[in-house]
Amino acid sequence: MDTKRGMDVSRVPRGWTRSVRAVAGDRLAKWAACLPKIAELEPALQKLADHQLRKESLGLRYRARSGEPLDRLLVEAFALCREAGRRKLGMRHFDVQLLGGAAVHHRSIVEMQTGEGKTLTATLPMYLAAIEGKGAHLATVNDYLARRDAEWMKPLYEALGMTVGIIQGQQPQDDRRKAYACDVTYGTANEMGFDFLRDRLLLRTLSGGQQDLFGQMMGGAAGKSDEPVQRGLHFMLVDEADSILIDEARTPLIISALPGEDEQIAAEAYRWAAEVKTKFVEDEHFEYEHDERSIELSLAGRQLVRGLPKPAAMDRLPLSVIYEYVTRSIKVSREMFLNRQYVVRDGEIVIVDEFTGRLAEGRKWRAGIHQAVEAQEGVEITFATNQAARITVQDLFLRYERLGGMTGTASTSSRELRKIYTVHVEPVPTNRPPVRQQLPTLVFGDAEQKWQGVVEDALAQHAIGRPVLIGTRSIDKSEKLAGMLAERGGAVTILNAKHVEREAEIVAAAGEMGKITVATNMAGRGTDIRLGPGVLEVGGLHVICTELHEAQRIDRQLIGRCGRQGDPGTYRQFLALDDEILLGGYGPKKSERLKRRGAEATGPIKGLESVFRKAQQRVERRHFRDRKVMLYHEKERQKVQRQMGQDPYLDTPG
Ligand SMILES: Nc1ncnc2c1ncn2[C@@H]1O[C@H](COP(=O)(O)OP(=O)(O)OP(=O)(O)O)[C@@H](O)[C@H]1O
């Protein structure tokens, strides 16, 4: 074999050895030493019949369960996986994918460019962890991805004699238990967190107290299934690690108990505040502090609160609390908008996840914000104040014996990941050199001009037959833009949280000749747009970004829909001087100045791009600080509770 520095250079792309070293340093290069060994096993495995392949896998399983260290089994396990992938999925793991798999196994978060095949890569460390027989979990961001990836990879696992379980929202306890009993289990981080909490509540119930509480949680189903659903936290592979470990980590998962009398009073107060908030005028009755995003009532404002008629139930509330109801309600009316931050579905507020564009089922805003939004929309007010159990995503993952992850976009957050989760971020080189091309960014004076520019660009690409994918920051913007394109005769498909059922179908068609798709962030990770016949020849997919997001990672995810697996593709960023990111990054004064400058402009303005990126960096830094503060408080709270002999997940303060 033609090997050099322990690597089979005949099998890897030219210059690859160097690029591995350049990108990732010694750790990755060290793991690369296993590549020739895996390759060596391949010819013999290819000759095996299906049942023999399964037998090999069972043999490996036996050795793992007898205590042989997984590190020693890695080469054989990966070789088996590669062969099963080739046979059952028509995809033979690339060397870079083997390398990524090895890194995940060694507690790293691998950064693989979008479209490099993270779904297939995951099978390697998952299989290797699962042969120990204690279960391997893969957490992704939503039910759709969990199901899609599990079903897609299932033939590979089954060829190796492994069972695959899928956790979905609203699933009965018994089905969950079966899914966790499988060798590998795919689900969302949220569902796995809730299962952990419910199990803990159940265990406490079984060991004595709080029978009633658990009965409430399970909707009365507790009697039938009085065993935990999970069987320990052994190995966790976090897909989209940055999104789950960082973005989602901002809101803890909470299981709430049923409302008591206090909640009835609170509900009245929320409704009352939502009604009267329009009577309060900025700078007269209250001040809005932009940086802190806080509202302070003035003397006149407090007088107004005292003078307004209130429902009798509110008599029992102290004035200071009533002031809070009012300020919260005003804050919500300024910051929370229907079809942006949330939708109303079947009389319920469902949060639209800002980072994935998807509905964040079961999640609630904290500190009364959720209830204030419910009052704003006139739907029934639900309560999370009376918490029965809570956990943060950080806590959940840190409880696993071994944690690994994958992402397309981690380097911007690698410091944070290393600090919080003590994992390394390892960039893995691409299988084929990427040929994605960025077209010059266009900055416009205001949103109207920008949308016109987007329409022109989309129609120009459409005219030469290229499929176009346009990303927008919210549901209402996606609908507005689709309307504008339709007026100009473009046939447009919309992909947002309102069209989840048709997602697979929309994505499958998005790469066809001349197709225009307008999407929210939903067209981010996991959206594998395959190019239709003839599209390669006209230049591949064209992606249009219409605004910067609060984290650069999200922009990169959208861009990553084009130029996958070495295909050609282009993208262009459109910006306007009244974009939200400028207000978020610079505050009202400077963003107003920029807006005024924009009002005078006609056509694209040159030389302002960096102003936008800087604003984004400031927002990113602010979020990072927020998360650190939250983490600190959570840790302190838990420390105190442990000292008091309490369970920090169950004995949560309201
Ligand atoms: N070893 C392989 N052989 C052939 N095709 C592959 C291989 N690995 C991945 N692919 C193909 O590459 C495409 C991208 O895969 P996948 O969706 O898993 O990428 P990803 O890294 O998760 O991307 P993103 O981050 O954008 O979601 C798929 O169409 C898949 O079939």
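In listed order, ligands and their atoms are each counted from 1. The residues of the chain are indexed from 1 along the displayed sequence.
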Note to self: Tell me if a side-chain donor or acceptor on Q171 pairs with a main-chain N or O of I166 at a distance below 3.5 Å.
What the structure shows: yes
Note to self: Between ligand 1 and D528, is the shortest N or O to N or O distance under 3.5 Å?
What the structure shows: yes
Checklist line | Stepwise side-chain hydrogen bond (donor to acceptor under 3.5 Å, both in side chains) check, R27 with S108 | finding: CA-CA 10 Å; R27 281 162 60 85; S108 306; 3.2 Å; yes
Check: Should you measure from each heavy atom of T114, which atoms of ligand 1 turn up under 4.0 Å away?
Finding: 23 (O), 25 (O), 26 (O)
Next item on the list: Only heavy atoms count here, so choose which of H93, M91, E116, Q557 is nearest to atom 5 (N) of ligand 1.
Entry: M91
Next item on the list: Please report the shortest heavy-atom distance between Y180 and D195, naming the atom on each side.
Entry: OH-OD2, 2.7 Å
Check: Measuring from D149:CG to Y144:OH, what's the distance to the nearest 0.5 Å?
Finding: 9.0 Å
Next item on the list: Please state which part of R92 comes within less than 4.0 Å of ligand 1, counting heavy atoms only: side chain, backbone, both or neither.
Entry: backbone
Next item on the list: Run the contact test for G408 against ligand 1 with a 4.0 Å cut-off on heavy atoms, strictly below, and give the result.
Entry: no
Item checked: Shortest non-hydrogen contact from V507 toward D528 -> CG1-O, 3.8 Å
Item checked: Atoms in ligand 1 flagged as close to R530, the criterion being non-hydrogen separation under 4.0 Å -> 29 (O)
Next item on the list: Fit a plane to each ring of Y157 and Y186, take the angle between them on a 0 to 90° scale, and name the class: parallel (under 30°), tilted (30 to 60°) or perpendicular (over 60°).
Entry: perpendicular
Notebook entry, point to check: Which atom pair, heavy atoms only, marks the closest approach of T121 to G117?
Noted result: OG1-O, 2.8 Å
Next item on the list: Determine whether any heavy atom of M112 lies closer than 4.0 Å to an atom of ligand 1.
Entry: no
Check: Rounded to the nearest 0.5 Å, what separation is found between the NE2 atom of H105 and the CG atom of D71?
Finding: 4.0 Å
Next item on the list: Under 4.0 Å from a heavy atom of R561: give me the atoms of ligand 1 that qualify, with their elements.
Entry: 24 (P), 26 (O), 27 (O)
Check: Can you list the steps and then say if E550 with Q616 is a side-chain contact (heavy atoms from CB on, under 4.5 Å)?
Finding: CA-CA 6 Å; E550 296 218 327; Q616 192 180 41; over 6 Å; no
Note to self: Taking distance alone, with N or O pairs closer than 3.5 Å, would you say W152 contacts ligand 1?
What the structure shows: no
Next item on the list: Look only at interatomic distance and state if G90 has a nitrogen or oxygen under 3.5 Å from any nitrogen or oxygen of ligand 1.
Entry: no
Notebook entry, point to check: Closer than 4.0 angstrom: is that true for some heavy atom of E240 and an atom of ligand 1?
Noted result: no
Item checked: Atom indices of ligand 1, in the order listed, that fall short of 4.0 Å to a heavy atom of R564 -> 14 (C), 17 (O), 19 (O), 23 (O), 24 (P), 26 (O), 27 (O)
Item checked: Sub-4.0 Å atoms of ligand 1 with respect to non-hydrogen atoms of T119 -> 16 (P), 17 (O), 18 (O), 22 (O)
